[in-house]
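Counting from 1, the numbers follow the sequence of the chain as shown. Predicted model, so just to flag it, every value in this text is computed and none were measured.
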Amino acid sequence: MRAALWLLALFAVAVAIALFAGNNQGTVTLFWPPYRVDLSLNLVVLLLVLAFAFLHAAFRALAALFDLPRQALRWRAQQKERAMHASLLDAISHLLAGRFIRARKAAELSLAQEKSLSAAEQKLANAAQIRAIAHLLAAESAQALQDRAARDEHLQQALAQAPVREAQETREGALMRAARWALQDRDPEGAMTWLRGLSQGAARRTLALRIRLKAARLSRHTGEALETARLLAKHRAFSPDAAHSIVRGLAVDLLNDAHDVPQLQRAWESLEPAERLMPELAIHAAQRLAALGGDPHLAREWLLPAWEQQAQLDEALKVKLVNALEEGLETIDAAWLARIEAAHRENPRDATLQYLAAVACVKRQLWGKAQQLMSQAAISLRDPVLHRNAWRVLALLAEERGDQPAAEQAWKRAASV
């Protein structure tokens, strides 16, 4: 459509010129005594147009001639700028390829070229960011070469360039790189110090949280490591299984760091509700509480969610659950006895539940029922500890009823497991 309009306009101009020039009888007379020159008006107009075009071209040529020095200066600046960017790209390429000495030299060459441009008053819009990145590349190469003095020097210069608003992201990157270098030097406190320099938004990024997690674990700050792992899990930085495993391991470490019952209770209460529902954590917390001489009723309260999931637990975890419950059966109440009996009735062939029910009967001095259940369990138990304990209980029961041969046979079976 636009081309058609331009074509119509061109035709209109052509028609106007034809109408003006075709029937134009006007003349222009020039008097130059003693001469007289008569020219047609059309020719005069054509000569004026040609003269204007010639003068315009002449002035453009003169302007271009006088502008040659400035153009030459600009061309040299462009060449230097291109060489600076090429050196920066070379530094990145060499660093990725593991040629750290070449990467460091290329980064330093880029800095020298940028300095030359600044000295020639050819300031770049992103000069501060380029200097910061070049210093970071040089620092990274120095870190790989174990030249910590050069690394720290380039890092400080990169941070000195980075406060400019345009280089804020580069500054945050420099702080994160410094934190990772501190971790490589086995200095978790130094890594934490560098991370504290980040803004609140940058500190919650996945990369910063990963560094914080490693630093917290290395410095044995289990509570902070657990909180960081929770944030990473919410950000989906790990797969669900990996996140579950990491959080569970840190929670276990947090429980292990408690050295008395009040500390253990505070550690348990600091866990999130979903974490307290994990059977592994509940069982470990109950065992830890028993080891510290805590209240068995409180241990069973912690174990209740795990007990409600006991049908879905694997064999090893179920054995741990039974061991944790067995440690406090002397003070077991009627509600827990009912739970154990109900579980045994639902799955009467489960040797682990038979063993637990038998031990509960022993604590209640129900010798006959305990003898029956433990005899059945001793045949099917696969866990060596429970198997040995089952024969030991059978030996004690035999001694209780005065059957010395049966007791000796049970003791031999317990010793042979």
- Item | Partner set under side chain to side chain donor-acceptor pair (under 3.5 Å) for His135, not counting sequence neighbours | His154, Gln157
- Task: Any chance you could measure Thr170, atom OG1, to Ile133, atom CD1, to the nearest 0.5 Å?
- Result: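 Here the interatomic distance stands at 4.5 Å.
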- Task: For Arg180, enumerate each residue passing the side chain to side chain contact (heavy atoms under 4.5 Å, CB included) test, keeping only those at least two apart in sequence or located in another chain.
- Result: Arg177, Leu207, Ile211
- Message: What's the separation between atom CE in Met84 and atom CD1 in Ile130, rounded to the nearest 0.5 Å?
- Response: 3.5 Å
- Message: Going by salt bridge (Lys or Arg N to Asp or Glu O under 4.0 Å), name the pairs with one or both residues in residues 334-361, residues two or more places apart or in two chains.
- Response: Lys318-Asp350
- Are Phe100 and His94 close enough that some pair of their side-chain heavy atoms sits under 4.5 Å apart?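 No - every pair of side-chain heavy atoms lies 4.5 Å or more apart.
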- Return the set of residues passing side chain to side chain donor-acceptor pair (under 3.5 Å) with Gln372 (not counting sequence neighbours), or none when no residue passes.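 Side chain to side chain donor-acceptor pair (under 3.5 Å) list for Gln372, sorted by chain: empty.
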- Parallel, tilted or perpendicular, as decided by the 30° and 60° cut-offs, for the rings of His387 and Trp391: tilted
What side-chain donor-acceptor pairs closer than 3.5 Å can you find for residues 102-109, not counting sequence neighbours?
residue, atom, partner, partner atom, Å
Arg104, NH1, Asp147, OD2, 3.2
Arg104, NH2, Asp147, OD2, 3.3

- Query: side chain to side chain contact (heavy atoms under 4.5 Å, CB included) with Gln71: which residues, sequence neighbours excluded?
  - Reply: Asp67, Arg74
- Leu159 and Ala174 have their tightest heavy-atom pair at CD2-CB, 3.8 Å
- Under the salt bridge (Lys or Arg N to Asp or Glu O under 4.0 Å) rule, what pairs show up with a residue in residues 181-210, not counting sequence neighbours? Arg148-Asp185, Arg151-Asp185, Glu169-Arg205, Glu172-Arg205
- Heavy-atom distance under 4.5 Å between the side chains of Val359 and Leu373, does that happen here?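 A side-chain contact under 4.5 Å is absent here.
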- Under the side chain to side chain donor-acceptor pair (under 3.5 Å) rule, what pairs show up with a residue in residues 234-256, not counting sequence neighbours? Arg248-Glu280, Asn256-His284
- Task: Show your working on side chain to side chain contact (heavy atoms under 4.5 Å, CB included) between Gln184 and Trp181 and close with a plain yes or no.
- Result: CA-CA 5 Å; Gln184 292 175 7; Trp181 296 335; 4.1 Å; yes
- Message: Holding to side chain to side chain contact (heavy atoms under 4.5 Å, CB included), I want the full list of residues that pass it with Arg230, two or more places apart in sequence or in another chain.
- Response: Leu226, Glu227, Leu271, Glu272, Glu275
- Message: Does Arg212 form a side chain to side chain contact (heavy atoms under 4.5 Å, CB included) with Leu231? I'd like the steps, not just the answer.
- Response: CA-CA 11 Å; Arg212 186 181 299 277; Leu231 288 175; over 6 Å; no
- Supply the atom-to-atom distance Ser116 OG to Lys80 NZ, rounded to the nearest 0.5 angstrom. 3.5 Å
- Item | Ala357 versus Ile340, closest heavy-atom pair with distance |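 Here Ala357 and Ile340 meet closest at CA-CG2, 3.9 Å.
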- Message: Could you walk me through whether Leu292 and Arg288 satisfy the side chain to side chain contact (heavy atoms under 4.5 Å, CB included) test, starting with their C-alpha distance in whole Å, then the side-chain angles of each, then the deciding distance to 0.1 Å, before giving a yes or no?
- Response: CA-CA 6 Å; Leu292 294 174; Arg288 184 68 179 158; 4.2 Å; yes
- Message: Quick test of your reading: applying side chain to side chain donor-acceptor pair (under 3.5 Å), list the pairs with at least one residue in residues 291-313, sequence neighbours left out, ordered by first then second residue.
- Response: His297-Arg300, Arg300-Thr331
- Message: So, using side chain to side chain contact (heavy atoms under 4.5 Å, CB included) as the criterion, who are the partners of Ala299 when residues are at least two apart?
- Response: Ala286, Leu289
- Message: What's the separation between atom OG1 in Thr228 and atom CG in Leu250, rounded to the nearest 0.5 Å?
- Response: 9.0 Å
- May I ask you to test the Val252-Leu281 pair for a side-chain heavy-atom distance under 4.5 Å? yes
- Using side chain to side chain donor-acceptor pair (under 3.5 Å) as the criterion, list what pairs up with Ser141, not counting sequence neighbours. none
- Give the minimum heavy-atom separation between Ala203 and Leu209, together with the two atoms involved.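 Looking at all heavy atoms of both residues, the closest pair is O-CD2, 3.7 Å.
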- Task: Considering non-hydrogen atoms only, spot the tightest contact between Gly293 and Val261 and give its length.
- Result: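 Scanning both residues completely, I find the closest heavy atoms to be C-CG2, 4.4 Å.
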- Message: Can you give me the closest heavy-atom contact between Ala242 and Phe238, atom names plus distance?
- Response: CB-CB, 4.0 Å
- Query: At what distance, to the nearest 0.5 angstrom, does CZ of Arg392 lie from CG of Leu386?
  - Reply: 11.0 Å
- Message: Within the 4.5 Å heavy-atom criterion, are Leu321 and Thr352 side-chain neighbours or not?
- Response: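 Of all side-chain heavy-atom pairs linking Thr352 with Leu321, none is under 4.5 Å.
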- Message: Would you compute the distance between atom CZ of Phe66 and atom CG of Leu62 and round it to the nearest 0.5 angstrom?
- Response: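 Phe66 atom CZ to Leu62 atom CG measures 5.5 Å (nearest 0.5 Å).
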- Task: Identify the two heavy atoms, one from Leu264 and one from Ala285, that lie closest to each other, and give their separation to 0.1 Å.
- Result: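 Between these two residues, the closest heavy atoms are CD2-O, 4.0 Å.
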- Side chains of Leu298 and Trp268 in contact at under 4.5 Å (non-hydrogen atoms): no
- Mind running side chain to side chain contact (heavy atoms under 4.5 Å, CB included) on Thr206 and Leu232 for me, showing each step along the way? CA-CA 7 Å; Thr206 301; Leu232 283 169; 4.0 Å; yes
